[in-house]
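Note sheet for the following structure.
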Amino acid sequence: MKLVSLGSPALALELTLNSGQAFHWLREGHGWVGAIGETAVYLEQRAGELFVNLGAELAATNYLALDHPLGEIEASFPKDPVSQEALAFCRGMRILRQPKWEALATFITSSMKQVSHIAQISHTLRQRFGSAHVLNHKPVYSYPTPEALAALQEADLRKCALGYRAANLLATARKVASKEVDLDSIAVLPDPEAQMALRALPGVGEKVANCALLFGFERLKAFPVDVWIERVIRERYFTKRQKATPAAIRTFCATNFGPYGGYAQQYLFHHARLTWKKG
DNA sequence: CTCCAGGTTCCGG
DNA sequence: CCGGAACATGGA
């Protein structure tokens, strides 16, 4: 496998691939193997220099969002201790620019699941219904297309440990495959309209829509509120007196974290999930 | 065994 | 608008 250098961008590769944005990257040797869309990719960082397999340079550059102004983004974080702790913990993490369908579908399968479970589901779906691309003499599986999933029965997806999420993923896949819903059209809508369009899909509520917007639709202000973020906001930004209702949290997150709120959210999420102590 | 996980949907105050 | 309950599965 021939490797090509992509220079030494500001990037924490392992942190980025392992922070609960994408769920399919696997350790191999000194690097990582996975699919970016339909391209099989190997990524490795040595002394700050980023390497990728020959032919995957453009896919990797786009996916890793090396064009995001990370210095400006990290400088835009609020100066409060909570945000600054998360920044110190996650510096160099980037918000991946994932394929739209893949981001949407993956987070439909994520509800009430631990990160490790989401990864299991992603791998099972890829192996059974995705396409195999050979890299270094081994298969790398792409995420199944809407068409591939639309042709299945709910029972096929239940066998992938999807549980009640199977019906939602199938119904959404069929709406996209049939062109009843066009993700590329949603991609040009303003944030609120795009969010509402996504929320019309089965299994897509406010949180999943915001994940899709942030990770697949380049909306860097989208601020998904999951159980971890809710915990951080309630216990570290709100006082005991302030009631952390959904509306109060939504308003706070939309106004406190600036134009790159989605980045702040991802840093807060990862930091909380890995360092939170009970009690 | 019990508890909880990157929630959504529906239903009654 | 808010809080509760149902919904599947598997790791801690």
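In what follows, chains carry the letters A, B, and so on, assigned in the order in which the sequence lines appear, proteins first and then strands, with residues in each chain numbered from 1. Reckoned from all heavy atoms, side chains included, excluding hydrogens, waters and symmetry mates.
Between A:His68 and A:Tyr263, the gap from one ring centroid to the other is short of 6.0 Å. In summary, the aromatic rings of A:Phe269 and A:Phe223 are positioned with their centroids too far apart to meet the 6.0 Å limit.
In A:Lys2, the NZ atom is not crowded: 12 or fewer heavy atoms of neighbouring residues, nucleotides or ligands sit closer than 6.0 Å. Within 6.0 Å of CG in A:Leu58 there are 12 or fewer heavy atoms belonging to other residues, nucleotides or ligands.
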Nucleotide-resolved protein contact map, nucleotides 4-10 of chain C, B/S/- at heavy-atom distance under 4.0 Å: ---BBBB

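Within a heavy-atom distance below 4.0 Å of DNA chain C, no residue of residues 189-198 of chain A is found. Proximity of residues 204-219 of chain A to DNA chain C (heavy atom under 4.0 angstrom from any strand atom) is not detected for any residue. Against DNA chain B, the stretch residues 14-26 of chain A makes heavy-atom approaches under 4.0 Å through A:Ser19, A:Gly20. For the contact set between residues 225-251 of chain A and DNA chain C, defined by any heavy atom under 4.0 Å, the members are A:Thr245, A:Pro246, A:Ala247.
In this structure, A:Arg199 places its CZ atom 8 Å from P of B:dT9, rounding to the nearest Å.
Side-chain contact annotation: A:Asn256 with A:Tyr237, donor-acceptor N/O pair under 3.5 Å absent. In this structure, a donor-acceptor pair under 3.5 Å is absent between the side chains of A:Tyr143 and A:His24.
Checked by atom type and distance alone, the side chain of A:Ser122 never pairs as donor or acceptor with a backbone atom of A:Ile118 at under 3.5 Å. At least one donor-acceptor pair closer than 3.5 Å links the side chain of A:Thr109 to the backbone N or O of A:Thr106. A:His270 places no side-chain N or O within 3.5 Å of a backbone atom of A:Gln266 that could act as its donor or acceptor partner. Side chain of A:Ser142 to main chain of A:Ser131: a donor-acceptor pair is present (N/O by atom type, distance under 3.5 Å, no hydrogens or angles). Formation of a donor-acceptor pair under 3.5 Å by the A:Gln21 side chain with backbone atoms of A:Arg94 is found in this model.
Checked options A:Ile121, A:Thr124, A:Leu152; the residue passing with A:Leu157 is A:Leu152 (criterion: side chain to side chain contact (heavy atoms under 4.5 Å, CB included)).
Checked for salt-bridge contact, A:Glu85 and A:Arg236 meet the test: a charged N lies under 4.0 Å from a carboxylate O.
By the side chain to side chain donor-acceptor pair (under 3.5 Å) test, A:Arg97 pairs with A:Asn62, A:Asp67, A:Glu218, sequence neighbours left out.
Residue A:Phe269 is the one, among A:Phe269 and A:Pro202, whose nearest nucleotide of DNA chain B lies closer to the 5' end (criterion: closest heavy atom).
A tilted orientation is assigned to the rings of A:Trp25 and A:Tyr63, their planes being inclined by 30° to 60°.
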